[in-house]
Colleague: 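Structure incoming, see below.
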There are 2 protein chains.
Amino acid sequence: MSTVDRTSPPPHATAGLSIADAAQAVGLSIDTLRYYERDGLMLRPVPRSGGGQRRYEDADLRWVLLVTRLRATGLPIRDVRRYAELVRAGEGNEAERLELLREHRRHVLAQLAEVTEHLGAIDAKIGVYEERVGAASSAPPSSSPSPVSAPVSSPARG
Amino acid sequence: MSTVDRTSPPPHATAGLSIADAAQAVGLSIDTLRYYERDGLMLRPVPRSGGGQRRYEDADLRWVLLVTRLRATGLPIRDVRRYAELVRAGEGNEAERLELLREHRRHVLAQLAEVTEHLGAIDAKIGVYEERVGAASSAPPSSSPSPVSAPVSSPARG
DNA sequence: GCTTGACCTGGAGCGTGCTCCAGGGACGAG
DNA sequence: CTCGTCCCTGGAGCACGCTCCAGGTCAAGC
């Protein structure tokens with residue numbers, strides 16, 4: 001990020017964001033942005049200034065944002081790379097891209113369901129402690145988003 | 001696991017499960033069970049046979065199941081250990097245990113919300129591809145559990 | 001033109017959570 | 001008692017996803 005705090009990019013024809021500004025914009029570290037590029041996660045080499053410094057353009061930023069969504073939902077780096085390769089390869093492999101995304105979607109949904117179920121059990125435990133402790137110290141009596149009441153066999157006095 | 005496939009444990013007074021049977025029962029690997037014990041995640045040293053082999057009893061198995069729930073929802077090993085320490089310390093620190101669980105619950109809920117939001121965006125992308133490809137190859141038109149429609153700025157033609 | 005802060009590359013390092021291995025003892029059916 | 005398994009310990013190794021570093025270049029305000 002340039003030292004001078006320019007909240008908005010230069011008013012004239014913008015040549016793209018520096019890596020620091022891009023990092024700020026997408027919520028990743030500078031190192032991570034470089035790492036993604038090195039590791040083949042980008043759609044194209046990020047454009048450079050005359051002197052070789054990165055200048056992220058809108059398309060690059062939008063792509064990085066998609067990558068962060070995929071990563072944030074647990075898609076491994078290698079699969080993101082695979083997806084990037086497909087997109088890079090151009091039209092004709094849409095079915096393959098679709099299948100990759102659908103597969104990921106299945107995983108995410110399964111993960112959400114599993115976590116929600118476990119959370120239900122943990123909530124039950126919280127309920128027990130709330131009753132045992134008199135304190136309503138913070139937070140209202142717990143209840144999960146979808147309380148998926150699982151058989152909560154109380155675990156060994158814990 | 002004993003070689004002889006005994007689907008149910010010996011009918012007589014059971015002295016606890018071997019580590020292989022315990023692993024099977026809780027869905028973890030043998031190595032992971034040993035690792036958990038070494039790393040201080042257990043409530044007590046797992047009971048041993050005369051010759052020093054582990055014999056998991058009900059209390060141990062129930063505790064391991066709680067640990068798996070905490071791990072499956074993303075609680076780091078170090079925090080599970082902290083929780084185990086509290087329980088081991090005995091009565092009097094229930095408020096602290098409660099706070100630990102509540103804190104974890106907050107994290108899990110935040111995580112669920114974030115993942116769900118990102119999934120909404122990914123779903124939108126899937127929708128685009130489904131339209132672009134003629135194929136309804138598998139799965140009905142996508143839609144998330146809570147479709148939390150986030151502003152889906154389409155990312156750089158991907 | 002100088003200075004100062006930002007950026008570059010290649011490569012090493014690290015935290016997390018297991019997973020594997022060698023060398024040796026325990027168990028139980030026959 | 002003897003096999004064939006299973007289990008033990010201590011410690012090394014590994015996959016993943018960054019994160020940090022050194023040594024050097026670039027950029028822009030004065």
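Quick caveat: nothing in here was measured; it's all calculated off a predicted structure. Quick note on labels: first sequence line is chain A, next is B, and so on, each numbered from 1.
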Colleague: Quick one: on DNA chain C, does B/G51 or B/P76 contact a more 5' nucleotide (nearest heavy atom)?
Modeller: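 The residue mapped nearer the 5' terminus is B/P76.
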
Colleague: From the list D/dC7, D/dC18, C/dC8, which nucleotide is the closest neighbour of the side chain of A/I77?
Modeller: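 Looking only at side-chain atoms, A/I77 lies closest to D/dC18.
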
Colleague: Within this structure, what is the CD1-to-P distance between A/I19 and D/dT25, rounded to whole angstrom?
Modeller: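 These atoms are roughly 19 Å apart.
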
Colleague: Using the closest heavy atom to pick a nucleotide of DNA chain D for each, name whichever of A/S49 or A/T32 lands nearer the 5' end.
Modeller: A/T32

Colleague: Is the distance from OP1 or OP2 of C/dC8 to the nearest side-chain N or O of A/R54 less than 4.0 Å?
Modeller: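 Answer is yes, contact under 4.0 Å.
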
Colleague: A/S29 side chain N/O closer than 4.0 Å to the phosphate oxygens (OP1, OP2) of D/dC18?
Modeller: no

Colleague: Quickly work out the A/D31 CG to C/dG13 C1' distance and round it to whole Å.
Modeller: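 Going from A/D31 (CG) to C/dG13 (C1'), I get 12 Å.
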
Colleague: On DNA chain C, does the nearest nucleotide to B/R55 precede the nearest nucleotide to B/G74 from the 5' side, or the other way round? Give the residue.
Modeller: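 Of the two residues, B/G74 wins.
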
Colleague: Roughly, in whole Å, what's the span from CG in A/L33 to P in C/dT9?
Modeller: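 From A/L33 CG to C/dT9 P: 13 Å.
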
Colleague: Provide, to the nearest angstrom, the distance between the CZ atom belonging to A/R34 and the P atom belonging to C/dT9.
Modeller: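 Value for this atom pair: 7 Å.
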
Colleague: Rounded to the nearest Å, what distance is computed from the CG atom of residue B/L17 to the P atom of nucleotide C/dC27?
Modeller: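 My rounded result for the distance is 16 Å.
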
Colleague: Using OP1 and OP2 only, check whether a side-chain N or O of A/R38 sits under 4.0 Å from C/dG10.
Modeller: no

Colleague: Between atom CG in B/D39 and atom P in C/dT19, what is the gap in whole Å?
Modeller: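 Going from CG in B/D39 over to P in C/dT19 covers 14 Å.
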
Colleague: Specify the separation, in whole Å, of atom CD of B/E37 and atom C1' of C/dT19.
Modeller: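 Interatomic distance, CD of B/E37 to C1' of C/dT19: 17 Å.
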
Colleague: Regarding A/R71, tell me which of base, sugar-phosphate or nothing describes its non-hydrogen contacts under 4.0 Å with the strands shown.
Modeller: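 Sugar-phosphate only.
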
Colleague: Parallel, tilted or perpendicular: which one describes the rings of B/Y83 and A/Y129, with boundaries at 30° and 60°?
Modeller: perpendicular

Colleague: In whole angstrom, give the distance that lies between atom OH of B/Y35 and atom P of C/dC21.
Modeller: 19 Å

Colleague: In Å, rounded to the nearest 0.5 Å, how long is the span from CD of B/E37 to CZ of B/R54?
Modeller: 4.5 Å

Colleague: Should the pair B/R106-B/E99 be classified as a salt bridge under the 4.0 Å nitrogen-to-oxygen rule?
Modeller: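 Salt bridge flag = yes for B/E99 with B/R106.
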
Colleague: Can we say B/R102 and A/E130 salt-bridge, meaning some charged N sits less than 4.0 Å from an Asp/Glu carboxylate O?
Modeller: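 Salt bridge flag = yes for A/E130 with B/R102.
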
Colleague: Please tell me if B/Y36 has a side-chain N or O lying less than 4.0 Å from either OP1 or OP2 of C/dG17.
Modeller: no

Colleague: So, is B/R78 close to the C/dT16 phosphate, meaning a side-chain N or O under 4.0 Å from OP1 or OP2?
Modeller: yes

Colleague: To the nearest 0.5 Å, what is the distance between CZ on A/R78 and CG on A/L41?
Modeller: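 Going from the CZ atom of A/R78 to the CG atom of A/L41 covers 11.5 Å.
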
Colleague: Taking only the side-chain nitrogens and oxygens of A/R48, find out if one of them lies under 4.0 Å from OP1 or OP2 of D/dA27.
Modeller: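 For D/dA27, OP1/OP2 do not have a side-chain N/O of A/R48 under 4.0 Å.
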
